[in-house]
Colleague: 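The following block contains the structure, expressed as structure tokens.
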Amino acid sequence: MSQDSLRILVVLPMYGGSLPIGRYCAGALQSMGHSVRLFDAPLLYPAFTGLQRLGLPPAAGNQLENSFLQLVSQAIWAHVQALEPHLVLALAQAPLNRHLLQRLRRNGVRTAMWFVEDYRIFDYWRLYAPLYDIFAVIQKKPFVDELVRHGQHNVLYLPLAALPDFHRPVELTAQERLEYGADMAFLGAGYPNRRLAFRHLAGKNFKIWGSDWEGESLLADNIQRRGARVGEEESVKIYNASKININLHSSLQTTDIVSHGDFVNPRTFELAAAGAFQLVDERSLLGELFGADELATFTSVTELYAKIDHFSSRPEEREAYAGKARNRVLREHTYAHRMAALLEYIAQRTGPWPRGAAKADFPPELGPDFHSELERLTHKLGLGPHSSFEDVIACLRGRSGPLDELETSLLFLDEWRKQYLK
Amino acid sequence: MPPILVLQGARFGDLLQSKRLLLTLKNRGELHLGVDKSLAPLARHIYPGIEIHALNIHAGPDRQGLEENKKCLALWRELDFQAVYNCNFSPLTTALCRCFDPERITGYRPSASGMLRSSWARTVFRMSERRRATPLNLVDFWAHFASDPLPAREVNPLPRSGGQGLGVVLAGREARRSLPVPLLAEIARCVFYALDGPRIRLLGSKAERPSARRLMRLLPSKIHPHVEDLSGRTDWRGLVGAVEGLDMLVSPDTGTMHLGAHLGVPVLAFFLSSALCHETGPYGRGHHVWQAACDCAPCLESAVCRAGLRCLKAFLAKEFLPALNSFIQGSSLDDTPFPGNLQLWKSDPDELGGHFQLCAGVDGCAQERDFLRRHLVNLSRLPPADSPRKAKAGLADPLPEMGAWLYQDADWMLPPGRYC
């Protein structure tokens, strides 16, 4: 049991690309021995979309949306009151309104936002950034300067990462190889630059996975499942099954298909962690994250097509790149690395974490016999080896259906301790 | 018959007040009862034919206690109960219920976010916001966890003198709910002479032994030979033996009082502070309760009294003992000055359950209580109670606004009968 365990509330956004990243952060923090609770905002998303579908006049609809978001913030506050977290970690679009952020600050609860979006597209950060204690970003200058100009001085550059327990090489069945396998694959939304880039590959053994490809008739045969969303678990299978994974960063522009942007997308790390070979477009921040021998890159569509041809017939070269990229991720680019860096930075900027708040060990009522049973249970629940009694209890509470006698006894013990010892 | 489990994790009195529910369910399946380990011997004694499961609920669940609980839970899983009745709005018993399918649980169900209450429980909780008008005895609150419970009159035997003398319960768990020893001595003396000098058994736990000694000192010496001090000297079986067959049991609101009612002993109870006869009065027909009725009563057990124990002053008024004496002698109370802020009630169950008729004093909540009671009758789908008191008093139909506070928007808009 770590003495430095913290209670952390991770607030997920209701939807979008930062949603899985929030879950990965929670998983990493948990594996580091922290007591993590998720505010599962996606559970509330259907109510929000339902409101929108009522066909109300815009003024009334806006008012109701605001009321709804206030309610969500109240639910987060209720979580905070129950958990008394040392840190509230929010991912981009997490539904913490300004009032709640001010309230958290007044109550001495540290807050951090990991803004895993492009600041040029999502510009609402100007309003919210100063309200967080820490603002972690995936871009450097000029964004960092802009943040300082808007009153946020605690800015951490924190590139994206992978979760190696999840993004990993997997054995596929013959059926899965058939379903997911291809000479080339792309997984992602149908942004304009991608549509243009991939038209040249129409008719080849090229599978396109993901949503927002409507109206792309030339690539219709390449688009899988009519552009349905693909879950995270299936994504890993696709990465593993494809000889060449094309990773072209999104751009709203069509003038420059390869956008030469700065930040590196999560797929770069995920593909690398999965031991999959990828062709990724050059980014200004890519060089400090991966070496030239670790990732095969391209700077133009012409180069992309040429490298596809080159690597298609060179499996040993693909394997070499993939192996090196995976090793680099495991060494430096996991969500555990990122969360460790974030927590350290928060301590540097806002003061050390309270030692006195370190979690107690297993309750003394549990003798050694129970310890071994508890360890087996921890494993069964999929929790990390450093998980606390609190983690086990939180996990049991969240499970549906009847529990067994050990699980029930532990829940009872927790309630008994709350009633008689606290 | 498919097995049924009732989980009653509360105290002595609650175990006895679960009787109507238990007798109802006993006719419907092989009945099991989970109780705190300390009460298991008593439960076995008073509820023969019900399988008792002892759990370490309130004493610290040490390693052995947890192991015992675990074995019990394993057995429960094997028994595959068709229905589970969780009587306690308590995180402890609700945690134990996590080993069951929530759909099989009645009363209080566990959920990821805590405890969910049945619609019935929620309604009665809401009524308790106006406690003085509370219409429901706790026995019936639990009994109606089951549909169509056993008629209230069949729960406890009719009280009758058993020739074994007078029992005096020295105090309850909460000191503020008990009468002070000098007043209790006066009451004991009064009843002793009215009953022609019977034996007196002093009842209580070890903690009440100093009170017993003090009471003895305050009683006239000629009564002493009649007194047997059993405080702290009985186990559960001994306590049942000491109460059984008494001619009368004088008590504050205690578990022993409910034991007396269970055994058919006439109860003469004195309720003050947080005790309210309409909630926890002795169950059955023909018991009597002297109830403090000042503006601040009933209060909260956990709250500090800021009224200078006004409820006790009602019992210390000079009119009290003469009125008590007249009552015990069977004289009419119409001609006796009756203390203010005091009521005398007599139990008389109806279709819904335990019910008290006012014998003396003033009840400012009669109309509201009557309305709430009828509301509960409707809820429990029972035929309306045909209360003679109601007819006599000629009560008008309740005003619509009388029950407005009972309803919330969610009752109207969300599915009825849901747990939440």
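Every value quoted in this text rests on a predicted model; they were computed, and no experiment measured them. Convention: sequence-line order gives letters A, B, ...; per-chain numbering from 1.
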Colleague: Considering only heavy atoms and a distance below 4.5 Å, find which of B:Ala95, B:Gly65, B:Ser90 pairs most often with chain A.
Modeller: B:Ala95
Colleague: With respect to chain A, which residue among B:Thr94, B:Asp62, B:Leu66 yields the maximal number of heavy-atom pairs within a distance under 4.5 Å?
Modeller: B:Leu66
Colleague: Using ring-ring contact (aromatic ring centres under 6.0 Å, His included) as the criterion, list what pairs up with A:Phe370, not counting sequence neighbours.
Modeller: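 ring-ring contact (aromatic ring centres under 6.0 Å, His included) list for A:Phe370, sorted by chain: empty.
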Colleague: Consider only side-chain N and O atoms of B:Ser178 and B:Arg176, and report whether a donor and an acceptor are under 3.5 Å apart.
Modeller: no
Colleague: Check this for me: does any side-chain nitrogen of one of A:Asp391 and A:Arg7 sit under 4.0 Å from a carboxylate oxygen of the other?
Modeller: no
Colleague: Answer with side chain, backbone, both or neither: which region of A:Leu410 has an atom nearer than 4.5 Å to a non-hydrogen atom of chain B?
Modeller: neither
Colleague: Is the closest basic N to carboxylate O distance between B:Asp14 and B:Lys19 below 4.0 Å?
Modeller: no
Colleague: Scan side-chain atoms only and decide if B:Ser205 and B:Glu208 contain a donor-acceptor pair under the 3.5 Å cut-off.
Modeller: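 There is such a pair (donor and acceptor under 3.5 Å, judged by atom type) between the side chains of B:Ser205 and B:Glu208.
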Colleague: Pick whichever of B:Glu103, B:Arg63, B:Arg98 has the most heavy-atom pairs under 4.5 Å with chain A.
Modeller: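 Going by pairs under 4.5 Å, I would pick B:Arg98.
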Colleague: Relative to the ring of B:Phe89, is the ring of B:Phe125 parallel (under 30°), tilted (30 to 60°) or perpendicular (over 60°)?
Modeller: perpendicular
Colleague: Quick one: list whatever passes ring-ring contact (aromatic ring centres under 6.0 Å, His included) with B:Tyr47, sequence neighbours left out.
Modeller: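 Residues passing ring-ring contact (aromatic ring centres under 6.0 Å, His included) with B:Tyr47: none at all.
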Colleague: So which of B:Asn69, B:Asn56, B:Leu92 has the biggest tally of heavy-atom pairs under 4.5 Å with chain A?
Modeller: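 Of B:Asn69, B:Asn56, B:Leu92, B:Leu92 has the most heavy-atom pairs under 4.5 Å with chain A.
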Colleague: Within residues 70-88 of chain B, which positions have a heavy-atom distance to chain A below 4.5 Å?
Modeller: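 Interface residues of residues 70-88 of chain B: B:Lys70, B:Leu73, B:Ala74, B:Arg77.
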Colleague: Looking at residues at least two apart in the chain, or sitting in another chain, which of them share a ring-ring contact (aromatic ring centres under 6.0 Å, His included) with B:Trp236?
Modeller: B:Phe12
